[in-house]
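Input: a single structure, listed below in structure tokens.
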2 protein chains.
Amino acid sequence: MPALPSPKRSSPRRVVSRRKTLALVITEHLRQEIVTGVREPGSKISEPTIAAAHDVSRAPVRESLRQLEREGLVVFDAVGRSRVVQLTNDDVEDICGIRASLESTAAGHAATRFHAAIEQTLRSNVAEMEEATTLDEVSQLDLAFHAAIMEASGRRRLITAWRAIEPQLRLWLGTLQRLREAISADVLAATLAAHRDLIDVLASGDATAARKAVEVHIASWVCESGGSA
Amino acid sequence: MPALPSPKRSSPRRVVSRRKTLALVITEHLRQEIVTGVREPGSKISEPTIAAAHDVSRAPVRESLRQLEREGLVVFDAVGRSRVVQLTNDDVEDICGIRASLESTAAGHAATRFHAAIEQTLRSNVAEMEEATTLDEVSQLDLAFHAAIMEASGRRRLITAWRAIEPQLRLWLGTLQRLREAISADVLAATLAAHRDLIDVLASGDATAARKAVEVHIASWVCESGGSA
DNA sequence: CTCCTAAAAACTGTCGACAGTTCGGGGGGG
DNA sequence: CCCCCCCGAACTGTCGACAGTTTTTAGGAG
């Protein structure tokens, strides 16, 4: 073996496991830490520290941070320092507005190409939510429901745009959750009802009605979830 | 051969010029190549090749490509290969729809905080466009005009989202331009008139009217520019 | 006790290297 | 003449290193 400049590596050169880059693993981990509040908004993020924590080099960490920047969870300052984003009320308001626009547009498309598989997915999501007990579970399922509608639209660009803001929604939801622990039975029931209605509207194939329904649903949700303004 | 730590550097270690990373330079160059069509949609992009072309290592190139992915100009396949995006009609339609939504929302905000400096910027843009002679110039100024409105809204998130799709608009515009060489005097006049009207509406401070006006402006523009659907 | 300065510590941007994977072509078999 | 397998070329993901900066820390001066 050629005496390498630094023969101090212990582990046998990590294997690039098929379809699962280190950057991806780290991204998921960091995202989780951010949306759950383990990393507080505004706190600094250091590449070397994270690299050491995961026992990897800085390369995949850098890539992760850029990805998280794209997701709006991390911000870089002029000198390249990164920190966890601090969402302002305006930010949340904008995000919700964009989201409403994207989802209602997507719903319109989804209505015109609705089919059994999609309905199946949505209905089972509702069924799962009926069983959910923690606020966190409900949030997860709610997002999954909306994600399913986006997917159902089949519009690449809409989906991309939605994915770009979804993590920020999760961050905001996480922040809210940490304030109020319990689930309101009323809210849960209302959400379930609204989702069932949405499925029916989508199944009807009426694009215009679907757009409107989603817009209303999100608007009401924003209000009762603790309007941002 | 046991390569020594590497005492063979020839160039005097490129200086990290303040506030201008290599990645940024390369990003700009690649973006230019893509939106101008020098790099054809769907063509492969190789990191080593680009790195060699700019005489840099792959690190900044990788970062550039990720940035361009965020801008929607480059796509990565499952194995990490990158290519220039190929916009579909659906994509363009979605992009225009998102854009209209973002800009009209921004216009609403801009109307409520309109002031002299903004008006100055917008009016001088119109003045410049009156002097413009090439189709390319007009496009640039048109985009700058709309960018100015976004900035005028002062909404961080709206601006971020808009920046995320703007390059794709440029790509599409570039594609169109390559089809029709000349500028239609009618279209130019109409655009100028529309922009002047927009400034007036914004100056009036009527948010609702501003939103509507922008929406109409963009919709009509999409139609005459060669509607996607 | 506070404010300012200089050395130390910690970072980011970029580089060249290497291992494993994937793509492209050529040769052989059906 | 077409299809399949194997080999070499080209790539991507990741690593450790280093130079230039920025942020801290540790002292001193006032």
Side-chain angles (χ1 to χ4, degrees), chain A residues 1-30 39 42-69 74-84, chain B residues 1-30 39 42-69 74-84:
Chain A
M1 71 209 84
L4 296 176
S6 61
K8 64 187 174 188
R9 184 137 200 88
S10 55
S11 49
R13 197 76 166 189
R14 200 176 309 272
V15 174
V16 178
S17 53
R18 201 167 172 68
R19 295 299 110 66
K20 193 77 170 181
T21 66
L22 288 181
L24 214 51
V25 174
I26 296 170
T27 301
E28 285 166 12
H29 186 231
L30 285 178
R39 278 178 191 278
S43 59
K44 284 182 286 196
I45 302 177
S46 131
E47 288 175 10
T49 304
I50 294 175
H54 289 257
D55 192 31
V56 299
S57 80
R58 278 174 48 217
V61 174
R62 279 177 74 78
E63 190 157 330
S64 286
L65 291 178
R66 296 298 174 176
Q67 169 64 25
L68 291 170
E69 182 195 19
V74 167
V75 293
F76 285 80
D77 63 24
V79 254
R81 246 79 183 230
S82 54
R83 349 183 50 127
V84 177
Chain B
M1 63 209 80
L4 296 176
S6 77
K8 63 189 173 187
R9 184 135 201 84
S10 55
S11 51
R13 198 73 166 193
R14 199 178 309 272
V15 175
V16 178
S17 54
R18 201 167 171 70
R19 296 300 109 69
K20 192 77 170 181
T21 66
L22 287 181
L24 214 50
V25 175
I26 296 170
T27 300
E28 284 166 14
H29 186 232
L30 284 179
R39 281 180 190 275
S43 60
K44 284 183 285 196
I45 302 176
S46 135
E47 287 175 11
T49 304
I50 294 175
H54 289 256
D55 192 32
V56 300
S57 79
R58 278 173 49 218
V61 174
R62 281 177 74 76
E63 190 157 331
S64 287
L65 291 178
R66 296 299 175 175
Q67 169 64 25
L68 291 170
E69 182 195 18
V74 167
V75 292
F76 284 81
D77 63 22
V79 267
R81 244 83 185 222
S82 54
R83 342 182 57 117
V84 176

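By convention in this document, chain letters (A, B, ...) are assigned in the order of the sequence lines, proteins followed by strands, and residues within each chain are numbered from 1.
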Checklist entry - Hey, does the side chain of Ser57(B) come within less than 4.0 Å of dA17(C)'s phosphate (OP1/OP2), counting only N and O? => result no
Checklist entry - Among all residues two or more places apart in sequence or in another chain, which pass the side-chain contact (heavy atoms from CB on, under 4.5 Å) test with Ala23(B)? => result Thr21(B), Pro60(B), Glu63(B), Ser64(B)
Next on the checklist: I need the CD-P distance between Glu47(B) and dT22(C), as an integer number of Å.
Outcome noted: 16 Å
Next on the checklist: What is the distance, to the nearest angstrom, from the CD1 atom on Ile45(B) to the C1' atom on dA10(D)?
Outcome noted: 16 Å
Checklist outcome for this item: Assert: residue with more 5' nearest nucleotide on DNA chain D, out of Ala59(A) and Pro48(B), is Pro48(B)
Checklist outcome for this item: To the nearest angstrom, the NZ-C1' distance between Lys20(A) and dT21(C) comes to 19 Å
Checklist entry - With respect to the phosphate group of dC11(C), does any side-chain polar atom (N or O) of Thr49(A) fall under 4.0 Å of OP1 or OP2? => result yes
Checklist entry - So does Thr21(B) get a side-chain nitrogen or oxygen closer than 4.0 Å to the phosphate oxygens (OP1/OP2) of dG13(C)? => result no
Next on the checklist: dT22(C), OP1 or OP2 - any side-chain N/O from Lys44(B) closer than 4.0 Å?
Outcome noted: no
Next on the checklist: If I compare all heavy atoms of Ile26(A) with all of His54(A), which pair ends up nearest, and what's the gap?
Outcome noted: CG1-ND1, 3.9 Å
Checklist entry - Quick one: does Arg83(A)'s side chain have a donor or acceptor within less than 3.5 Å of a partner on Gly42(A)'s backbone? => result yes
Next on the checklist: Between C1' on dT12(D) and CD1 on Ile50(B), what's the gap in Å once rounded to a whole number?
Outcome noted: 13 Å
Checklist entry - In whole angstroms, how far is the P atom of dT12(D) from the CZ atom of Arg83(B)? => result 12 Å
Checklist entry - Between Glu63(B) and Arg81(A), which is nearer to the 5' end of DNA chain C once each is assigned its nearest nucleotide? => result Arg81(A)
Item to check | Whole-Å gap separating C1' (dC15(C)) and CG (Leu22(B)) | outcome: 11 Å
Checklist outcome for this item: Separation between CZ (Arg66(B)) and CD (Glu69(A)), nearest 0.5 Å, reads 13.5 Å
Item to check | Arg62(A) side-chain N/O to dG13(C) phosphate OP1/OP2 under 4.0 Å | outcome: yes
Item to check | Listed partners of Ser43(B) passing side-chain hydrogen bond (donor to acceptor under 3.5 Å, both in side chains), at least two apart | outcome: none
Checklist entry - How many Å lie between CZ on Arg66(A) and P on dT12(C), as a whole number? => result 10 Å
Checklist entry - Please give, in whole Å, the distance from dG13(D) C1' to Asp77(B) CG? => result 14 Å
